[in-house]
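See below for the structure under consideration.
These values consider heavy atoms only, across backbone and side chains, with no hydrogens, waters or symmetry-generated copies. Chain A is the first sequence line, chain B the second, and so forth, proteins listed ahead of strands; every chain is numbered from 1.
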2 protein chains.
Amino acid sequence: MDIPAVVISRLPLYVQALEAMVQRGEHVVSSQRLGEELGVTPAQIRKDLSYFGRFGRQGRGYNVAELLQALRRILGLDRQWLMALVGVGRLGRAIVAYEGFAPQGFRIVHAFDVDPKIIGQRVNSLVVKDVAVLEEALAQEPVDIGIVAVPPEAAQAVIDRLVGAGVRAILNYAPIAARVPAWVQVRRIDPVLALQTMTYYLKQGRE
Amino acid sequence: MDIPAVVISRLPLYVQALEAMVQRGEHVVSSQRLGEELGVTPAQIRKDLSYFGRFGRQGRGYNVAELLQALRRILGLDRQWLMALVGVGRLGRAIVAYEGFAPQGFRIVHAFDVDPKIIGQRVNSLVVKDVAVLEEALAQEPVDIGIVAVPPEAAQAVIDRLVGAGVRAILNYAPIAARVPAWVQVRRIDPVLALQTMTYYLKQGRE
DNA sequence: TTCTGTGAACGGATTCACAGCA
DNA sequence: TGCTGTGAATCCGTTCACAGAA
């Protein structure tokens with residue numbers, strides 16, 4: 001049995017909401033309440049969870065800490081994931097500086113660039129390496145995930161090299177639709193794309 | 001007849017691919033070729049477009065420039081959209097500095113923060129205003145879209161105020177599931193969420 | 001011949017509704 | 001009584017397959 005991708009894509013939302021509940025000292029939660037928090041129907045949540053087992057108690061609901069731990073294990077968030085960043089321009093620097101990765105177990109261990117002025121620089125305790133040595137560096141210290149923050153023209157080539165070096169997941173900040181083999185995961189971070197899906201609705205309301 | 005949201009969410013991808021084709025001097029394209037470029041089936045593309053009209057010529061394909069223009073009009077990308085940024089910390093500064101918005105017609109015209117040390121500062125020709133005057137500032141110079149780049153604890157309150165001030169679209173960089181009225185669009189930009197949907201598959205391949 | 005536009009068929013995800021358990 | 005877990009029913013989006021136009 002394999003699990004629908006939409007289901008997987010919702011689990012991190014549940015994790016996030018449950019973490020907030022732990023923070024607030026809440027111990028049990030029903031699918032009803034969790035659903036309200038996230039704008040999801042209770043049935044959806046119960047069905048999603050049912051793909052992985054039985055986590056609730058009838059009449060009671062779910063133990064927050066228990067469910068959180070289970071979801072973290074399911075998603076593989078109970079370990080560290082190592083990442084390599086390619087492109088240390090303005091965007092790349094912002095990514096390196098981002099404090100949100102570490103608490104969730106994501107750590108950048110390589111940073112590459114082509115620009116000789118940037119190579120050798122130290123950013124947040126990482127020394128920027130020449131992108132030419134990408135393959136050697138990843139052979140020596142492998143990573144799970146590649147982060148691409150290079151200009152659009154260079155992005156596909158960088159992705160091909162990351163994949164060639166064994167990376168099986170790409171976080172793509174470049175505004176291109178990357179072509180990758182079926183076994184490689186890609187997620188795009190593109191604020192412009194997000195904005196462009198909203199303007200359609202803004203336009204509607206306006207007339 | 002109203003159009004499925006998934007369809008709308010794909011149109012910006014088509015726009016992006018068509019822009020690249022214009023750049024490369026390509027004049028006509030079939031649904032087949034466009035699909036290969038984007039990893040989408042030709043039937044999907046034809047069906048998506050059919051919601052809005054007939055843009056192709058049988059036996060030939062689509063005129064790239066024509067289709068691009070039509071899609072831009074459909075999405076409302078044939079005009080400027082004004083935005084207000086709330087939160088001018090490290091992330092907020094990176095957003096203001098981002099060069100990708102302007103070429104697509106998105107312009108930040110307000111920047112707000114709570115920190116007295118940041119208020120009054122000039123970032124990229126914008127003077128940071130006190131978030132306390134958000135309502136007045138938006139009444140004087142309204143915007144279409146709010147960008148939220150504040151800490152998670154503050155995010156929901158900021159979003160409520162933006163919505164209260166008439167904003168009908170939110171680009172949310174904060175790691176929370178925002179609750180908004182039905183007529184308000186929200187899109188999240190959250191790299192951690194994106195990473196967390198990939199680790200599940202990475203874990204699989206590993207064993 | 002080529003490729004669009006589109007009803008019809010299909011498949012997959014969401015919601016319903018209820019049995020079952022505390 | 002309250003809430004989970006889940007088959008069944010429903011809904012919705014994708015794909016198929018072909019008529020029709022250049």
Side-chain angles (χ1 to χ4, degrees), chain A residues 1-15 17-18 21 26-71 74 177 182 197 200-201, chain B residues 1-15 17-18 21 26-71 74 177 182 197 200-201:
Chain A
M1 163 186 50
D2 69 358
I3 289 138
V6 263
V7 172
I8 302 301
S9 73
R10 276 191 297 264
L11 299 188
L13 295 173
Y14 302 163
V15 167
L18 291 167
M21 286 174 180
E26 298 170 30
H27 290 224
V28 286
V29 66
S30 63
S31 58
Q32 175 74 45
R33 277 237 318 102
L34 185 54
E36 281 162 11
E37 188 102 356
L38 291 169
V40 167
T41 67
Q44 175 100 264
I45 292 173
R46 294 202 303 275
K47 177 66 91 176
D48 284 353
L49 297 179
S50 78
Y51 282 102
F52 302 97
R54 303 150 142 262
F55 304 100
R57 283 179 237 185
Q58 283 158 329
R60 292 270 293 156
Y62 302 88
N63 177 302
V64 172
E66 236 171 57
L67 181 56
L68 177 55
Q69 199 192 10
L71 288 176
I74 290 163
T197 66
Y200 173 78
Y201 299 99
Chain B
M1 164 189 44
D2 68 358
I3 289 140
V6 263
V7 172
I8 301 301
S9 73
R10 276 190 297 263
L11 300 187
L13 295 174
Y14 303 163
V15 167
L18 291 167
M21 287 174 180
E26 297 171 30
H27 290 224
V28 285
V29 67
S30 64
S31 58
Q32 175 74 43
R33 277 236 318 103
L34 185 55
E36 281 163 11
E37 188 101 356
L38 291 169
V40 167
T41 67
Q44 174 100 265
I45 291 174
R46 294 202 301 276
K47 178 66 91 178
D48 284 354
L49 297 179
S50 78
Y51 282 102
F52 302 97
R54 303 150 143 262
F55 304 99
R57 284 179 235 183
Q58 282 158 332
R60 292 269 292 156
Y62 301 89
N63 178 301
V64 173
E66 235 171 54
L67 181 56
L68 177 55
Q69 200 193 9
L71 288 177
I74 289 163
T197 66
Y200 173 78
Y201 299 98

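Here C:dC10 presents its C1' atom at 13 Å from NZ of B:Lys47, a figure rounded to the nearest Å. Between the P atom of C:dT4 and the CZ atom of B:Phe55 lies a distance of 14 Å, rounded to the nearest Å. Between the CD atom of B:Gln44 and the P atom of C:dG5 there is a distance of 15 Å, given to the nearest Å.
Where A:Pro4 and B:Pro42 each meet DNA chain C at their nearest nucleotide, the meeting point lying more 5' is that of B:Pro42.
Between B:Phe52 and B:Ile3, the closest side-chain pair of non-hydrogen atoms falls below 4.5 Å. A 4.5 Å side-chain heavy-atom check between A:Ile74 and A:Ile8 finds every atom pair outside the cut-off. A 4.5 Å side-chain heavy-atom check between B:Val40 and B:Tyr14 finds at least one atom pair inside the cut-off.
Identified under the side chain to side chain donor-acceptor pair (under 3.5 Å) test for residues 30-41 of chain B, with sequence neighbours left out: B:Arg24-B:Glu37, B:Glu26-B:Arg33, B:Ser31-B:Arg46, B:Gln32-B:Glu36.
If you run side-chain contact (heavy atoms from CB on, under 4.5 Å) between A:Met21 and each of A:Leu68, A:Val29, A:Leu67, only A:Val29 comes through.
Interface limits on DNA chain D: the 5'-most and 3'-most nucleotides within less than 4.0 Å of chain B heavy atoms are D:dG13 to D:dA22.
Considering CG of B:Leu34 and OH of B:Tyr62, their distance stands at 8.5 Å, rounded to 0.5 Å. The structure places OG1 of A:Thr197 at 10.0 Å from CG of B:Leu13, a figure rounded to the nearest 0.5 Å. Interatomic distance, A:Tyr51 OH to A:Asp48 CG, rounded to the nearest 0.5 Å: 7.5 Å.
Within residues 30-39 of chain A, the residues approached by DNA chain D to less than 4.0 Å at the level of any non-hydrogen atom are A:Ser30, A:Ser31, in residue-number order.
In this structure, of C:dT14, C:dC18, C:dT15, it is C:dC18 that holds the atom nearest to the side chain of A:Arg46.
In terms of heavy atoms, A:Ala177 sits closest to B:Leu38 at CB-CD2, 3.7 Å.
Residue B:Arg54 places none of its side-chain N or O atoms closer than 4.0 Å to OP1 or OP2 of C:dC3.
In this structure, the salt bridge (charged side-chain N to carboxylate O under 4.0 Å, His left out) partners of A:Glu66, at least two apart in sequence or on a different chain, are A:Arg57.
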Provide a list of protein-nucleic acid N or O atom pairs under 3.5 angstrom, restricted to nucleotides 20-22 of chain C.
{"residue": "C:dG20", "atom": "N2", "partner": "A:Gln58", "partner atom": "NE2", "Å": "3.1"}
{"residue": "C:dG20", "atom": "N3", "partner": "A:Gln58", "partner atom": "NE2", "Å": "3.4"}
{"residue": "C:dC21", "atom": "O4'", "partner": "A:Gln58", "partner atom": "OE1", "Å": "2.8"}

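Around the CD atom of B:Gln44, the shell of radius 6.0 Å holds more than 12 heavy atoms that belong to other residues, nucleotides or ligands.
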